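Notes follow once the structure below has been shown.
Given the structure is predicted, the values throughout are model-derived calculations rather than measurements. Naming: A, B, ... by sequence-line order, numbering from 1 per chain. Reckoned from all heavy atoms, side chains included, excluding hydrogens, waters and symmetry mates.
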Amino acid sequence: MSASSALTRPRRRRRNSAAARANRDGLLMVGPTVVIVVAVVVLPVLWNVVLSFQSLSLVQIHTSGIFGEFTLDNFTKVLADPDFWASLRTTVIYAVGGTAGSIALGLVAALALRRRFPGRGVVRAAMLLPYVAPVVAVAFVWQMMLNSQFGVVNIWGQKLLGWNGPVDFLGQAPYALVTVIAFEIWRYFPFAFLFITARLQAVPGDIEEAALVDGATPTQRFAYVLLPQLANVIALLSVLRLIMNFNKFDDVYLLTGGGAGTDVAAVRVYDYLTGQFDVGGAAAQALVLAAILVGFLLIYVKFFVRKEVDAS
Amino acid sequence: MTRLAVEERTLTVLRWLVIAFLLVITVFPFYYMLVLSFVPIEQLLLHPSRIYVTAGEFTLGTYHQVLASVQDGGQGFAGFLRNSAEVAVATVVVSLVVSIPGAYAIARLRFFARRQVSALFLAVYMFPAIVLAIPLFVAFAKLGLVESLVGLTIVYVVLTVPVSIHMLRQYFETIPESIEEAAALDGAGRIATMLRITLPLAIPSIMSTGLYVFMIAWNEFLFALLLLTPRRDLWTVSLGLAQLSNGIEVPKTVLMAGSVILTVPIVLLYGLAERALTEGLTTGADKG
């Protein structure tokens with residue numbers, strides 16, 4: 001940068017022009033994608049903020065301009081509605097229950113399949129079926145299995161387990177939420193299983209051997225040797241799953257339609273939009289959801305992304 | 001017996017019980033789906049506890065009925081299949097064409113705002129669909145893109161591009177830069193290097209990314225529901241099954257045949273490329 005620059009200048013200029021070329025090429029390659037993503041995601045999200053301050057019905061959408069009259073009505077209406085808070089409570093129970101359950105089951109599965117045995121590859125592949133299969137198909141199969149008239153679960157429950165009558169798993173208040181959470185656990189434990197299995201493979205064998213030599217029992221080895229190694233991946237899974245479950249729509253909508261005490265926030269937003277044609281109300285609720293989500297995301301970024309970005 | 005011996009013995013038994021339990025809960029629903037798809041509805045109502053197909057009641061009529069077009073008295077799933085395939089394949093192609101240069105640029109080139117671009121993709125990728133759904137729905141209504149497969153494809157491309165870029169970028173970063181530098185010394189330009197050197201090396205990763213994108217597009221439900229519901233001729237298989245299973249007109253075992261039709265392509269792909277897909281699932285963190 002100083003006295004010796006006379007000597008180094010030509011070289012630096014060449015490097016600068018290479019950097020300039022890299023900059024230009026990079027922008028050319030990624031620019032169109034950024035434009036599309038901004039146009040289809042970022043702008044609509046910003047517009048969602050605008051919408052939430054307007055009183056709009058679906059019918060008016062075609063005629064109204066982008067900036068109509070602004071009002072806080074949507075928020076006061078949403079926040080004053082006891083149903084909204086009830087729905088938020090349901091959402092939290094659902095998200096936390098689904099997250100904890102799927103991680104616990106995934107952990108159990110990963111530990112059970114840790115040691116090699118004949119046919120492990122097939123079992124492992126089967127384990128992922130609930131996660132890769134289309135949600136509409138598996139939700140429909142669950143509905144059929146739980147059907148109170150001819151579903152296997154009810155028929156066999158009455159035959160073998162001596163239930164007094166069919167249980168209305170999807171249409172009755174306490175059961176429906178439990179069923180929906182069970183579905184969530186079933187569908188996403190493979191995801192936790194994959195992550196935890198990958199992490200288990202990276203655990204160095206010698207610490208466990210040392211513990212074995214010291215006479216540690218399997219549960220002790222798990223609690224004092226394995227679990228600390230898995231803490232990070234479990235924390236990561238918790239944040240990821242909480243974010244996803246908190247805004248889950250498909251699974252609940254398909255199983256119960258949001259009835260019988262399963263009115264989670266995302267289904268409520270959908271109902272506002274298509275059932276009551278209240279765009280402003282839906283947008284305001286989505287904004288409240290997004291605010292909560294941004295909170296989660298900040299936690300995620302603070303604890304997990306910083307390292308990754310610095311490393312790259 | 002010592003605690004060690006007790007624990008080891010119980011855990012050995014418990015381990016097999018757990019494996020058996022996991023196999024039952026993961027496989028049985030799919031088995032049940034398959035069995036009911038070959039049975040006329042009357043037989044199901046008559047023998048609801050039967051979980052196998054007898055030779056006498058076996059039928060392919062359910063599949064005929066679900067696939068045949070509405071004019072022929074069926075449910076039109078053949079048409080839904082075509083819609084789903086068109087949208088999913090178009091999504092894979094466009095998403096890859098857009099993502100490959102994008103991922104390459106983020107992995108290799110230091111350009112202005114590279115980090116911000118990377119962060120933007122991550123944010124979009126973590127953003128839940130329902131929050132995007134309202135403004136997109138409203139915007140598409142204004143632009144006249146509702147009730148069209150093109151509109152749906154645009155949404156799917158945008159939803160999958162961040163995942164594709166993320167997956168491909170990680171792979172590009174593992175290719176040593178020295179290979180490309182060697183090509184550059186031999187006089188190849190940036191584009192030639194990318195096309196002739198880097199892309200062929202990345203083929204496996206491109207395949208797994210493509211498969212993962214296909215799976216997302218094929219399985220997607222919310223945006224199909226929002227954009228296509230009024231037009232039955234445009235329904236995807238997922239949407240068609242969901243819409244028809246809400247009603248009572250169509251026999252449930254016919255719809256079971258429909259859900260087999262919806263599931264089989266994904267399970268086949270998964271069987272063909274299990275490793276590629278699981279790789280996608282773990283590196284692509286999560287969406288869904």
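- Across all non-hydrogen atoms, the minimal contact from F150(A) to K252(B) is CZ-CG, 4.1 Å.
- Under the side chain to side chain donor-acceptor pair (under 3.5 Å) criterion, R221(A) pairs with E8(B), sequence neighbours left out.
- Put simply, the side chain of F30(B) reaches to within 4.5 Å of the side chain of V138(A), judged on heavy atoms.
- Contact of V98(B) with chain A is made through backbone and side chain together, with heavy-atom distances under 4.5 Å.
- Only the side chain of L36(B) comes within less than 4.5 Å of a heavy atom in chain A; its backbone stays farther off.
- Of all the heavy atoms in T263(B) and A133(A), the pair that sits closest is CG2-CB, 4.2 Å.
- Neither the backbone nor the side chain of L239(B) comes within less than 4.5 Å of any heavy atom of chain A.
- Of all heavy-atom pairs between S238(B) and V136(A), the closest is O-CG1, 3.4 Å.
- Note that CG of L244(B) and CZ of F140(A) are 9.5 Å apart. Values are rounded to the nearest 0.5 Å.
- For the atom pair CD1 (I19(B)) and CZ (R120(A)), the distance works out to 9.5 Å, reported to the nearest 0.5 Å.
- Heavy atoms of L120(B) lying under 4.5 Å from chain A belong exclusively to its side chain.
- One distance of note links CZ of R115(A) with OG1 of T12(B); it measures 7.0 Å at 0.5 Å rounding.
- Residue contact with chain A, scored on non-hydrogen atoms closer than 4.5 Å, involves the side chain of L132(B) exclusively.
- Aromatic rings of Y32(B) and W142(A) (six-membered ring for Trp) have centroids beyond the 6.0 Å cut-off, not under it.
- Contacts of L11(B) with chain A are made by side-chain atoms alone, with heavy-atom separations under 4.5 Å and no backbone atom involved.
- For I25(B), the parts sitting under 4.5 Å from any heavy atom of chain A are the backbone and the side chain alike.
- Listed by chain and number, the residues in a side chain to side chain contact (heavy atoms under 4.5 Å, CB included) with D271(A) are V267(A) (sequence neighbours excluded).
- For L225(B), the part lying under 4.5 angstrom from a heavy atom of chain A is the side chain only.
- Although no hydrogens or angles enter the test, the distance criterion places a donor-acceptor pair under 3.5 Å between the side chain of Y270(B) and the main chain of A125(A).
- Neither the backbone nor the side chain of Y272(A) comes within less than 4.5 Å of any heavy atom in chain B.
- Classified by interplanar angle (parallel below 30°, tilted 30° to 60°, perpendicular above 60°), the ring pair F221(B)/F249(A) is parallel.
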**Message:** Using the rule given for side-chain contact (heavy atoms from CB on, under 4.5 Å), can you reason through E7(B) versus Q220(A), listing the C-alpha separation, both sets of side-chain angles and the distance that settles it, and then say yes or no?
**Reply:** CA-CA 10 Å; E7(B) 273 196 17; Q220(A) 285 170 333; 5.7 Å; no
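- Of all heavy-atom pairs between N219(B) and V135(A), the closest is O-CG1, 4.2 Å.
- Of the listed residues G151(A), A290(A), P218(A), A282(A), the one with more heavy-atom pairs under 4.5 angstrom with chain B than any other is P218(A).
- With a 4.5 Å cut-off on non-hydrogen atoms, F117(A) touches chain B through its side chain but not through its backbone.
- Residues A109(A) and L22(B) approach most closely at CB-CD1, 3.5 Å, considering heavy atoms.
- Here the closest heavy-atom approach between residue A286(A) and residue I134(B) is recorded as CB-CD1, 3.6 Å.
- When heavy atoms are compared at a cutoff of 4.5 Å, V42(A) approaches chain B solely by way of its side chain, counted from C-beta outward.
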